[in-house]
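Right, one structure below, let's go through it.
Position 1 is the first residue of the sequence; numbering continues from there. Remember, it's 1-based here, ligands and their atoms both numbered in the order they're listed. Worth saying up front: this structure is predicted, and the values here are computed from it rather than measured.
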Amino acid sequence: MERDLKKIPSPSKGLLSSEELYEYILETSVYPREPEPLKELRHVTANHPRALMATAPDAGQIISMLLQLVNAKNTIEVGVFTGYSLLLTALSIPEDGKITAIDMNRESYEIGLPIIKKAGVEHKIDFIESEALPALDRLLKDPSNEGNFDFAFIDADKVNYWNYHERLMKLVKVGGIVVYDNTLWGGSVAMSEEDTPEFRKQGRQLTIEFNRLIAADPRVHISLAPYGDGITICRRIS
Ligand SMILES: C[S@@+](CC[C@H](N)C(=O)[O-])C[C@H]1O[C@@H](n2cnc3c(N)ncnc32)[C@H](O)[C@@H]1O
């Protein structure tokens, strides 16, 4: 029997006023337009014990639109997991586009890889199994990489977001876009310390600090948008 992949639950990260409202957005606007390979990858990832790590489909939809709006061809991804955001990037950039995808865990990438191959987009991906900071520093050692990227998506360890940002301000061209995931951290950024569940406390502090720094950074225009777990869209302006 054919599975109805539209029905796989994507848990709300709690930012909207009700689960029903989030479901409404997914059911009316996201799932009907989600490419089949992405549905399949979302389904495969749903069985993973850390399935919640995957980029939310509604965030994916706007990221795909941004990629196409800026005609992104050469992109960076930090934090691949099973590859939802990676596959959506690969499906959104042209045939000769390239994604430098960095994750220290190749095992999870391999869960999604058969679907990426079946979708015919593996040739666009250069997967680097590494800690992200040294990998970005290696890219920066080659001067031809400076300003050579049109787009970057960052979805890894929050403790390094500002370190990634400093490197991306050299790698991504002026006019290019950098998107940071989880910048509302389950809504905890607006909670008091006492009301914040223990497991969210450290991420909350790191996210608040990152949001403060990026809001004061004159090198970028920004928009913190409540898709998924919150995404901050930056456009490099200098
Ligand atoms: C939230 S998940 C990424 C989700 C992914 N964007 C998706 O759509 O499924 C975070 C990923 O970052 C990776 N990661 C965490 N810290 C890292 C680091 N310092 N260097 C490289 N990868 C890291 C983890 O291995 C994990 O796969």
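Taking every non-hydrogen atom of T55 and a distance limit under 4.0 Å, the qualifying atoms of ligand 1 come out as 5 (C), 6 (N), 7 (C), 8 (O), 9 (O). Residue-ligand proximity, N105 to ligand 1, at heavy-atom distances under 4.0 Å covers atoms 25 (O). Against a heavy-atom cut-off of under 4.0 Å, Y164 is close to the following atoms of ligand 1: 18 (C), 19 (N).
The shortest N/O to N/O separation between G79 and ligand 1 falls below 3.5 Å. For ligand 1, the polar-atom distance check finds an N/O of E131 within less than 3.5 Å of one of the ligand's N/O atoms. When only interatomic distances are considered, the shortest N/O to N/O separation between F153 and ligand 1 does not fall below 3.5 Å.
With 3.5 Å as the limit, one finds no donor-acceptor pair spanning the side chains of N74 and D150. Side-chain contact check for K158 and N182: at least one donor-acceptor pair (N or O, by modelled atom type) lies under 3.5 Å. With 3.5 Å as the limit, one finds a donor-acceptor pair spanning the side chains of S130 and R138. In this model, no donor atom of one side chain and acceptor atom of the other lie less than 3.5 Å apart for D155 and S85. Side-chain contact annotation: Y31 with D58, donor-acceptor N/O pair under 3.5 Å absent.
Summarising the geometry, atom CZ belonging to F149 is positioned 12.0 Å from atom NZ belonging to K173; distances are rounded to the nearest 0.5 Å. Here the straight-line distance linking atom CD1 of I102 with atom OH of Y109 works out to 13.0 Å at 0.5 Å rounding. From K124, atom NZ reaches atom CG of L87 across 9.5 Å, with rounding to the nearest 0.5 Å.
Nearest protein neighbour of atom 1 (C) of ligand 1, counting heavy atoms only, is M53 O, 3.2 Å. Closest to atom 10 (C) of ligand 1 among all protein heavy atoms lies D155 O, 3.1 Å. For atom 11 (C) of ligand 1, the nearest non-hydrogen atom of the protein is D103 OD2, 3.4 Å. The nearest protein atom to atom 22 (N) of ligand 1, hydrogens excluded, is given as M104 N, 3.3 Å; this is a heavy-atom distance. Remark: minimum distance from atom 14 (N) of ligand 1 to any protein heavy atom is reached at A156 CB, 3.9 Å. For atom 9 (O) of ligand 1, the closest non-hydrogen atom of the protein is A54 CA, 3.3 Å. Nearest to atom 20 (N) of ligand 1 among the protein's heavy atoms is A132 N, 2.9 Å.
At a heavy-atom distance under 4.0 Å, no atom of Y109 approaches ligand 1. The part of V80 lying near ligand 1 is the backbone, judged by heavy-atom distances below 4.0 Å.
Of all heavy-atom pairs spanning L26 and P32, the tightest one is O-CD, 3.7 Å.
Residue S130 places a heavy atom less than 4.0 Å from ligand 1. For N160, the heavy-atom gap to ligand 1 stays at 4.0 angstrom or more.
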**Full working for salt bridge (Lys or Arg N to Asp or Glu O under 4.0 Å) between E209 and R204** = CA-CA 9 Å; E209 179 61 5; R204 170 181 175 274; over 6 Å; no

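At least one donor-acceptor pair under 3.5 Å links the side chain of Y161 to the backbone N or O of D181.
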